[in-house]
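Beneath this line is the structure, given in structure tokens, with notes to follow.
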Amino acid sequence: QVEVVESGGGLVPAGGSLRLSCAASGFTSDHYAIGWFRQAPGKTREGLSCISSSDDTYSVDSVKGRFTISRDNAKNTVYLQMNSLKPEDTAVYYCVADETITHVQTMCDFPTLNFDAWGQGTQVTVSS
């Protein structure tokens, strides 16, 4: 059974940084894409940054230059380094994994697709 587990959320002041981790397990190979999404209260879920098994990356404009996605295949872990955080970044952050999708922009732009695994989410709160 495929599974992803997020960690690293917390409370940080505006301008601060956090690094989120997504640990994946249960996949039959290393060929899976990972995406980071978030959902704020009263808002729809949005894709942020996605990475393919071959390290192709894509980030949406709202986080480009502030958030960086990377993966460590030896640890089956993907990271989201978040810098220059703003109060509007406050949300529950989710990690998603999928073995079929290869186009990372598609993964990020369509958060309602039926991906193989969703994590339970980790809360990020940015104080003003």
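The first residue in the sequence is number 1, and the count goes up from there.
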Which distance, rounded to the nearest 0.5 Å, do you find between the CG of Leu48 and the OG of Ser62?
6.5 Å
Within-4.5 Å side-chain heavy-atom neighbours: Asp116 and Val96:
no
Using a 3.5 Å distance criterion without hydrogens, assess whether the side chain of Asp109 forms a donor-acceptor pair with backbone atoms of Thr106.
no
Looking at OG of Ser70 and CD1 of Ile34, how far apart are the two atoms once the value is rounded to the nearest 0.5 Å?
11.5 Å
When you compare the side chain of Tyr32 with that of Ser53, does any pair of heavy atoms fall below 4.5 Å?
no
Backbone N or O of Cys22 within a donor-acceptor pair of the Glu6 side chain at under 3.5 Å?
no
CD (Gln81) and OG (Ser49) are apart, to the nearest 0.5 Å, by 11.5 Å
Answer yes or no on whether Arg45 is positioned over the face of Tyr94, meaning its NZ or CZ is under 6.0 Å from the six-membered ring centre and within 45° of the axis.
yes
Centre-to-centre under 6.0 Å for Phe67 and Trp36, is that the case here?
no
Any side-chain heavy atom of Thr122 sitting closer than 4.5 Å to one from Val92?
no
Is any side-chain heavy atom of Leu113 closer than 4.5 Å to one of Met107?
no
Minimum side-chain heavy-atom gap Tyr93-Gln39 below 4.5 Å
no
Determine whether a donor-acceptor pair (N or O, by modelled atom type, separation under 3.5 Å) exists between the side chain of Ser52 and the backbone of Asp56.
yes
Between the CG atom in Asp98 and the SG atom in Cys50, the distance rounded to the nearest 0.5 Å is 10.5 Å
Does Lys75 have more than 12 heavy atoms from other residues, nucleotides or ligands lying within 6.0 Å of its NZ?
no
Is Phe27 reachable from Phe115 through a run of hydrophobic residues whose side-chain heavy atoms are each under 4.5 Å from the next?
no
Find the distance between CD1 (Ile51) and OG1 (Thr68) and round it off to the nearest 0.5 Å.
10.5 Å
Test of understanding: clusters of I, L, V, M, F, W, Y form through side-chain heavy atoms closer than 4.5 Å, transitively. Do Val5 and Leu18 belong to the same one?
no
Non-hydrogen side-chain atoms of Arg71 and Asp55 separated by less than 4.5 Å
yes
With a 4.5 Å cut-off on side-chain heavy atoms, are Gln123 and Thr90 touching?
yes
Heavy-atom count check: over 12 atoms from other residues, nucleotides or ligands less than 6.0 Å from Gln120 CD?
no
Can Asn83 and Ser17 be counted as having a side-chain donor-acceptor contact under 3.5 angstrom?
yes
Check the side chains of Tyr79 and Arg19 for a donor-acceptor pair under 3.5 angstrom, ignoring hydrogens and angles.
no
Determine, using the 4.5 Å side-chain heavy-atom cutoff (strictly less than), whether Val60 and Phe37 are members of one ILVMFWY cluster.
no
To the nearest 0.5 Å, tell me how far Leu20 CG sits from Arg38 CZ.
11.0 Å
As a quick check of understanding, evaluate side chain to side chain contact (heavy atoms under 4.5 Å, CB included) for Val78 and Ile69, giving each step before the final call.
CA-CA 7 Å; Val78 169; Ile69 191 170; 3.7 Å; yes
